[in-house]
Amino acid sequence: MSNKSNAMNLLKKWIQYGESLSIPEVSEALKTFKNWKIEIANYHQCRFTNAAVEGKNNKIKALQRRSYFLRNRQSYEYRIYLECNSEFLPA
């Protein structure tokens with residue numbers, strides 16, 4: 001959408017359409033959209049997301065699962081830096 005008010009109107013129409021379907025699973029999913037309606041519409045105003053942070057958290061959690069028995073804390077920290085900042089390293 002081009003702006004926040006258009007996005008809010010379309011989201012309301014979309015939620016109404018979903019409710020008109022009378023499908024219990026869709027109605028359950030629409031609760032989330034209703035609760036986060038303002039935040040969803042705000043995206044169309046600022047275009048910011050936390051995807052980069054979520055991706056780094058996911059990488060750290062995966063690394064934590066892979067290296068559960070590391071004895072050296074500094075080695076673990078270095079692996080986190082290497083894993084999360086690999087795009088900044090020279091090839």
Can you get from Ile15 to Ile23 by hopping between Ile, Leu, Val, Met, Phe, Trp and Tyr side chains that sit under 4.5 Å apart? yes
side-chain hydrogen bond (donor to acceptor under 3.5 Å, both in side chains) contacts touching residues 11-25 (sequence neighbours left out): Glu19-Lys34
Between Asn35 and Lys31, is there a donor-acceptor pair closer than 3.5 Å when you use the side chain of the first and the backbone of the second? yes
Side-chain heavy atoms under 4.5 angstrom apart, residues restricted to Ile, Leu, Val, Met, Phe, Trp, Tyr: same cluster for Leu10 and Phe33? no
State which residues pass salt bridge (Lys or Arg N to Asp or Glu O under 4.0 Å) with Arg71; sequence neighbours excluded, sorted by chain then number. none
When you look at Glu83 and Ile60, which way does the side chain to side chain contact (heavy atoms under 4.5 Å, CB included) test go after all the steps? CA-CA 8 Å; Glu83 185 87 20; Ile60 291 171; over 6 Å; no
How long is the straight-line distance from CD1 of Ile80 back to OG of Ser67, given to the nearest 0.5 Å? 7.5 Å
Other residues, nucleotides, ligands: >12 heavy atoms within 6.0 Å of Arg66 CZ: yes
Report the C-alpha separation of Tyr78 and Gln74 in whole Å, then their side-chain angles, then the decisive distance to 0.1 Å, and conclude whether the side chain to side chain donor-acceptor pair (under 3.5 Å) test is met. CA-CA 6 Å; Tyr78 287 157; Gln74 190 173 17; 2.5 Å; yes
Which value, rounded to the nearest 0.5 Å, describes the distance between Asn58 atom CG and Leu63 atom CG? 11.5 Å
Could you please spell out the steps behind the side chain to side chain contact (heavy atoms under 4.5 Å, CB included) verdict for Lys4 and Tyr43? CA-CA 8 Å; Lys4 184 178 176 180; Tyr43 169 76; over 6 Å; no
Non-hydrogen side-chain atoms of Glu39 and Trp36 separated by less than 4.5 Å: yes
Is it true that a side-chain atom of Lys56 and a backbone atom of Cys84 form a donor plus acceptor pair closer than 3.5 Å? yes
